[in-house]
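To find a chain, count down the sequence lines: A is the first, B the second, and so on, and within it residues start at 1. Keep in mind that the numbers below use all heavy atoms, side chains included, and drop hydrogens, waters and symmetry copies.
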Amino acid sequence: MDNNVRRSMPLFSMGIVQKLTGLTARQIRYYEENELIHPERTAGNRRVFSFNDVDRLLDIKSLLDEGVNLAGIRRVLSEKPVEANRPVEDKKAMSEADLMKFLKTELVSAGKFGKSSLIQGELSRFFK
DNA sequence: ATTCTAACA
DNA sequence: TGTTAGCA
């Protein structure tokens, strides 16, 4: 279960999440306002997303492509537990290089579990 | 350089 | 949703 710790560990900066999800900062912040995601905040008020957050964001993105509105998305995601992210100190966001390494291991474990095909589908493009 | 909030020619 | 202003 050590993976849950990692997945709830806040380490993604806004910029990284934008690249990872293809969503705009505006959208990401808007979804947070609607409590679709609950990223942590650094001492400087910067958002720090966990892998769980990115996962939900990708879910939201796919639902958006399917033409589901915010209310609908809320319904779908409300059925999913909202594990709170772990508190984060003042640490700077993980470097992109280390981040990619982490994502790679995530993709491997995800495949190992046959889980979240979404993650593989959406993020695999970063490893081609 | 990056992200944040608030607001709208 | 985009975009921009003014901060931190």
Side-chain angles (χ1 to χ4, degrees):
Chain A
M1 288 294 164
D2 199 355
N3 266 313
N4 287 311
V5 176
R6 301 184 116 190
R7 296 182 70 76
S8 60
M9 185 190 298
L11 32 64
F12 303 103
S13 67
M14 173 55 84
I16 297 298
V17 175
Q18 287 187 64
K19 293 179 182 177
L20 255 33
T21 65
L23 296 169
T24 65
R26 180 77 169 82
Q27 289 177 295
I28 297 172
R29 294 177 185 128
Y30 181 64
Y31 302 147
E32 179 187 22
E33 284 185 62
N34 284 277
E35 301 186 279
L36 265 35
I37 54 175
H38 304 90
E40 275 297 320
R41 291 301 183 112
T42 64
N45 198 41
R46 267 62 214 286
R47 264 167 276 249
V48 190
F49 308 79
S50 68
F51 209 95
N52 282 327
D53 292 322
V54 175
D55 207 337
R56 289 177 78 81
L57 248 11
L58 291 175
D59 284 345
I60 293 172
K61 187 188 179 187
S62 60
L63 288 171
L64 247 33
D65 292 332
E66 291 170 35
V68 182
N69 57 49
L70 264 275
I73 294 176
R74 258 187 227 113
R75 273 190 18 246
V76 178
L77 296 185
S78 65
E79 295 169 16
K80 299 214 164 197
V82 185
E83 322 91 56
N85 291 329
R86 297 210 148 32
V88 59
E89 298 76 56
D90 47 89
K91 298 174 184 175
K92 273 95 182 177
M94 188 179 274
S95 73
E96 264 196 72
D98 291 328
L99 177 58
M100 289 316 205
K101 272 197 257 179
F102 179 65
L103 289 180
K104 196 158 190 173
T105 63
E106 271 298 326
L107 289 180
V108 174
S109 57
K112 206 170 184 178
F113 287 66
K115 193 191 173 186
S116 189
S117 58
L118 248 181
I119 293 179
Q120 293 199 61
E122 297 292 334
L123 302 183
S124 61
R125 63 191 167 101
F126 291 101
F127 304 102
K128 292 173 182 174

Please confirm whether the shortest side-chain N or O distance from [X] to OP1 or OP2 of [N] is below 4.0 Å.
| X | N | value |
| --- | --- | --- |
| R47(A) | dC4(B) | yes |
| S13(A) | dT3(B) | yes |
| Y30(A) | dC4(B) | no |

Rounded to the Å, how far apart are [X] [atom1] and [N] [atom2]?
| X | N | atom1 | atom2 | result |
| --- | --- | --- | --- | --- |
| F12(A) | dT2(B) | CZ | P | 18 Å |
| K19(A) | dA1(B) | NZ | P | 14 Å |
| L64(A) | dT1(C) | CG | C1' | 11 Å |
| N45(A) | dC4(B) | CG | C1' | 6 Å |
| E33(A) | dT1(C) | CD | C1' | 12 Å |

Any L70(A) side-chain heavy atom under 4.5 Å of L36(A) side chain:
yes

Using a 4.5 Å cut-off on heavy atoms from C-beta on, say whether the side chain of I37(A) contacts that of F49(A).
yes

CD1 of I73(A) to CZ of R56(A): how many Å apart, nearest 0.5 Å?
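The distance works out to 11.0 Å.
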
Do S62(A) and D65(A) have side-chain atoms, one donor and one acceptor, less than 3.5 Å apart?
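No pair is found: no donor N or O on one side chain lies under 3.5 Å from an acceptor on the other.
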
When you measure from the side chain of R41(A), which nucleotide among dT5(B), dT3(B), dG2(C) comes out closest?
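That would be dT5(B).
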
Any sub-3.5 Å donor-acceptor pair from K61(A)'s side-chain atoms to T21(A)'s backbone N or O?
yes

Counting only N and O atoms by type, is there a donor-acceptor contact under 3.5 Å from the side chain of N34(A) to the main-chain atoms of Y30(A)?
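Yes; at least one donor-acceptor contact below 3.5 Å.
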
Who pairs with R46(A) by salt bridge (Lys or Arg N to Asp or Glu O under 4.0 Å), at least two apart in sequence or on another chain?
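Applying salt bridge (Lys or Arg N to Asp or Glu O under 4.0 Å) to R46(A) gives none.
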
So what does I28(A) hit on the nucleic acid, given a heavy-atom distance under 4.0 Å: a base, only sugar-phosphate, or nothing?
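Nothing: the residue I28(A), judged by heavy atoms under 4.0 Å, touches no strand.
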
Heavy atoms under 4.0 Å is the rule here; annotate nucleotides 3-8 of chain C 5' to 3' with B where the base is hit, S where only the sugar-phosphate is, and - elsewhere.
B----B

Which one is paired to dA5(C), where only Watson-Crick or G-U wobble pairs with both distances under 3.5 angstrom count?
dT5(B)

